[in-house]
Amino acid sequence: MSLEDTSIIEFNNVNKYYSLGKTKVHAVKDVSFSLKKGDFVSFSGPSGSGKSTILNMVGCIDTSDTGTVIIDKKVTNGLKEEEITKLRHETLGFIFQSFNLIPVLNIYENIEFPLLFGKQTEEEKKENKEWINYLIKTVGLEEWREHKPNELSGGQRQRVAVARALVTKPSIVLADEPTANLDSKSSEAIIQLMKKMNKNLGTTFVFSTHDPTIVEIADHVITLKDGEIVSNLRHQQ
Amino acid sequence: MNFSTAKLAYRNLKLHKSKTLIIGVLITLNVAILVIGSSILNTLNTGIEENYVNKYTGSIFISPTDNAEPSLIMPSFDSDGANAVIDNYSQVEEAVIKINGVSDTTGQINAAGLMTIGENGTGFGIFRGIDPSDYQQIFPEGLNITDGSFLKSGEEGIVLSQYVYDMLNSTTTEEIKVGDKILLTSINETSGTKVREVTIRGIHQYDDDSIDISLICFIDLENIRALNGILLNTETSLNLDDNEKANLGAFDEEALFSSESDSLFSDDNLFSDSSDSLFTTDTEDTLDISTDDIYNILGDTSQRDVLNTINEDAFSYMLIKTEDSANTKSVINNLNTMFEENGWDLIAYEWTKGAGMSAQLADVISIVFYGILALIAIVVVIVIMNTLVVSISERTNEIGTMRALGAKKNYIKNMISLETIFITIVFGIIGIILGVSILGITGQIGIQATGTFTKILLGGDVFIPRISGSSILLSIISITIVSVVSSLYPVSVALRISPREAMSK
Ligand SMILES: Nc1ncnc2c1ncn2[C@@H]1O[C@H](COP(=O)(O)OP(=O)(O)OP(=O)(O)O)[C@@H](O)[C@H]1O
Ligand SMILES: [Mg+2]
């Protein structure tokens, strides 16, 4: 089936428990879904509904207790630490709620940072330099490339984070509430930027968000409640 | 515009200035203390060594194996050791001088005793029996005669130390002069009480004497052998009655050692097969023939006196000067191998073994100093460890982010280790420079010794500490260990940080 072929993320009957002292929290309850390559996907739902938990499992930061999680045709359950690190580095990009830029690195270096963990030939280094410059230009921070993160506004920082998430040319970018720490104007700009990148590069974006703007422009919206999927809608474009 | 882990580590240190400084200052102080302290100790030790080796002990000494507590300064009070002697001294000396690295030898016999002079003049001292010309040749710096002269070869007499002279003088009404006779009494468990009258030939003074050394009086060999009861037949001397003891004190040398009496020493005539055993102290054969047998063989008393004659070829110790002090250990090994091959019950020691309390005090100070330093090092390790752990827990989010972005555990480990290595190298070097400069300044001025105790320690009035390469090497090694040990736990904390931490907040 054509939908199966283009599926990039797949959850099959995934359960996740957390133990809080003596009580066990069933954070994700028998969740199954499939996300299409190149989609702009939003997970929404009230606080505590399991959005972050699901995103963390996509990002291989957490593992499911039962069920399978398939990322880019690879079953992630039972992978070794090293394989997970490699998968994260090659396939996934991250945008964090609180930006998480490295304070001692300037903007250019922050964007370049994930590239340090892979091998680069001289040829690739040159290409990557151009690629970073292109990203800096695209996110509109050319004048800030030598500056440190603490000299930038929140919106600017998150734009750096977007560029950093894309620098390794990942097939998936994960963003857990990327606009939660931004004012509405900056949020709007960031969302537009991400949508642009999604279109230009074909990168799959997966969000968890309360932000109605994101939900509005998303291709695929999954709504959760108490760890269960209450609606799963994909707009046909 | 590329950057490395090193650059990142450097910038992190710059960003966390106060923590870097806390750790840095600790390392600087620690290294400076180590450099200064161990340089002072080294100077102290070389000072003491030069002093002792050149003035009192030589580099090596040989002692009979059965001397349980060999000492070149104090007499051995051990009942076995008191009379333990190298009884075939000239034979041993001949073999020793052939060993590579040995430059000179001299024999020594120690005793201790009371002294009486004039009207109720009393005192005590350590008697050091030596051959005057041999002794002066091996220790040219070791003597400082303030009155009279040193002993001359073949001459009976005593050279008092200034300290002993003062002690005697303070108890007698008439001033003691060179040329006066003095009565020496030695008390010795094995050979009983011995009394000898000797002539005061001179007064000497060591310029940096500690209590034990200040008691040393030089005395001729014959008298010390008599005082120590070192006789040809020690078993017989055990049974001397008072009358005989008195006899011993007054025997006539000339008569005993005339050509006629030489024949008495000939093995064939007197002792036949068992003769050898007579000259060793510990064989049972000797006891078997013992007094009665010998009396029977000898018949008249003049011959018995000869048996009681002082053993002229016996010394308590042989002191050895080496050509190069660096070879001391190998010379000692060669000597001991040679003794074993010859079946001699002798053992060669380094000078420190017999050097008495001042030399050992330096060892004690070293142990205390390095003990304190080890404690400081432990405290420093804990403080550095704690500071690093705090600094890492403040960076949990940052490290988690790095892991989420694809940083392997190794990368985090390298980053944290590099930070520690940077601090260690930079502040370690500052510490070395600080220590060396402080030593340099004190080297210009010198440390003034005030009390007697410090004088003994510092080996003179002014102490000039020398900067030693070994102390710098030691501080580099120890600071490396400190930094590695103190970063182990913080690194493990950093490695436990999961990428999930990037998500929190
Ligand atoms: N590390 C954890 N330990 C224990 N319980 C956890 C942990 N993380 C999440 N939970 C619980 O799992 C459930 C789902 O939490 P999750 O963070 O996924 O919700 P969320 O939808 O992201 O909420 P929010 O909108 O507030 O971010 C909650 O009940 C939460 O308390
Ligand atoms: Mg959440």
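The shown structure was predicted, so the numbers you read here are calculated from the model rather than taken from an experiment. Hydrogens, waters and symmetry mates are skipped; everything else that's a heavy atom, side chains included, is used. Every chain is numbered from 1, with letters handed out A, B, ... down the list of sequences.
- Heavy atoms closer than 4.5 Å to chain A are found in both the backbone and the side chain of B:Arg403.
- In this structure, A:Lys16 satisfies the cation-pi test against A:Tyr18, with its NZ or CZ atom closer than 6.0 Å to the six-membered ring centre and inside 45 degrees of the ring normal.
- A salt bridge does not link A:Asp226 with A:Lys29: every distance from a Lys NZ or Arg NE/NH1/NH2 to an Asp or Glu carboxylate oxygen is 4.0 Å or more.
- Contacts between B:Lys14 and chain A at a heavy-atom distance below 4.5 Å are absent for every atom of the residue.
- Comparing A:Asp176, A:Asn56, A:Leu87 by heavy-atom pairs within less than 4.5 Å of chain B, the highest count is held by A:Asn56.
- Proximity to chain B is limited to the side chain of A:Glu81, based on heavy atoms less than 4.5 angstrom apart.
- With no hydrogens or angles considered, a side-chain donor-acceptor pair links A:Thr66 and A:Asn15 at under 3.5 Å.
- Here B:Glu419 pairs with B:Arg395 in a salt bridge; the nearest charged N to carboxylate O distance falls below 4.0 Å.
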